[in-house]
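If you're wondering where the values come from, they're calculated on a predicted model, not measured in any experiment.
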Amino acid sequence: EYLYLSMAAYCYSLDLDGFANYFMVQTQEEHFHAMKMFNFVTDCGGKIILQPIAGPEVEFKSIVHVYEKTLEHERFVTQSINDLISLAVKESDHASSSFLKWFIDEQVEEEATVSKILSKLKLIGGEGQGLLM
């Protein structure tokens, strides 16, 4: 959520409102995902312990760089979810395995979307009138 808000701010600073809107929507979606996990943990009787969050990257070289970082982050999230579900399976935690399946499916969609946008940005060289489409 925090990273995507930073990316939205960067896009707004370049007057790339469409890209900024994309990241604002992603920010809201990530908040929804966090709350989904928060509620699952509390529903299962777990204890939530909030920790400080390090500031996100705020300087980017280009819009292509923003989407490269986005894809890198989504792949990190995917690996983290895969690690969680592997642990849930190992521990025979069927409720967590079932719950995490939704996130696995979501990550397939997220990585595909970002990959397609990044491919299109690279096709136009990340510059020029194509950014305004």
Side-chain angles (χ1 to χ4, degrees):
E1 176 180 357
Y2 210 32
L3 176 62
Y4 291 149
L5 194 57
S6 176
M7 291 173 167
Y10 171 80
C11 293
Y12 277 127
S13 77
L14 298 177
D15 292 327
L16 296 173
D17 293 353
F19 288 110
N21 183 66
Y22 169 85
F23 285 109
M24 291 302 291
V25 170
Q26 289 306 112
T27 297
Q28 293 169 353
E29 189 173 301
E30 294 306 322
H31 182 78
F32 170 77
H33 294 165
M35 293 311 300
K36 192 172 177 83
M37 287 189 177
F38 182 97
N39 291 332
F40 177 77
V41 170
T42 58
D43 287 349
C44 291
K47 181 178 179 181
I48 303 292
I49 302 172
L50 300 176
Q51 299 290 319
I53 300 172
E57 190 169 347
V58 296
E59 297 293 330
F60 303 96
K61 299 174 196 167
S62 66
I63 193 68
V64 171
H65 183 234
V66 169
Y67 277 90
E68 287 172 341
K69 292 303 239 178
T70 302
L71 184 56
E72 179 183 311
H73 178 70
E74 289 297 342
R75 287 178 174 158
F76 170 78
V77 171
T78 298
Q79 186 58 55
S80 297
I81 294 167
N82 287 340
D83 292 346
L84 285 172
I85 201 162
S86 293
L87 179 60
V89 168
K90 180 182 171 190
E91 297 291 324
S92 297
D93 182 352
H94 303 293
S96 293
S97 294
S98 176
F99 173 75
L100 291 167
K101 168 113 178 41
W102 183 89
F103 288 94
I104 290 170
D105 296 341
E106 178 72 9
Q107 282 309 115
V108 170
E109 177 188 326
E110 292 298 331
E111 284 190 35
T113 299
V114 174
S115 290
K116 288 176 185 176
I117 293 170
L118 183 56
S119 292
K120 290 174 185 172
L121 285 170
K122 287 181 177 179
L123 185 66
I124 63 164
E127 298 179 1
Q129 294 174 349
L131 290 177
L132 304 176
M133 295 176 72

L5 vs M24, side-chain contact (heavy atoms from CB on, under 4.5 Å): CA-CA, chis, key distance, verdict: CA-CA 6 Å; L5 194 57; M24 291 302 291; 3.7 Å; yes
F23 vs S6 side-chain heavy atoms within contact, under 4.5 Å: no
Sub-4.5 Å side-chain heavy-atom contact between K122 and E68: yes
Distance in Å, T42 OG1 paired with M35 CE, rounded so as to fall on 0.5 Å steps: 8.0 Å
Validation row: M7, Q26 side chains within 4.5 angstrom (heavy atoms): no
Whether over 12 other heavy atoms sit under 6.0 Å from K36 NZ: yes
Any donor-acceptor pair under 3.5 Å from S98 side chain to H94 backbone: no
Pairwise distance OG(S80) to CD(Q107) - rounded to 0.5 angstrom: 9.0 Å
Distance (rounded to the nearest 0.5 Å) between R75 CZ and S115 OG: 5.5 Å
Exercise answer: donor-acceptor pairs, residues 44-64 side-chain atoms, under 3.5 Å, sequence neighbours excluded:
from	atom 1	to	atom 2	distance (Å)
S62	OG	V64	N	3.3
S62	OG	H65	N	3.1

Common cluster, L16/V114, ILVMFWY with side-chain heavy-atom separation under 4.5 Å: yes
Ring pair (Phe, Tyr, Trp, His ring centres under 6.0 Å) partners of F38, counting only residues at least two apart: none
Co-membership, hydrophobic cluster, residues L87 and L100, 4.5 Å side-chain: no
Test: K69 and E72 ion pair at under 4.0 Å: yes
Co-membership, hydrophobic cluster, residues I81 and F99, 4.5 Å side-chain: yes
Ring-ring centroid check Y22 Y67, cutoff 6.0 Å: yes
Y4 with F103, same ILVMFWY side-chain cluster at under 4.5 Å: no
Path from L71 to V77 over hydrophobic side-chain contacts below 4.5 Å: no
From CD (E1) to CD (E29), nearest 0.5 Å: 11.5 Å
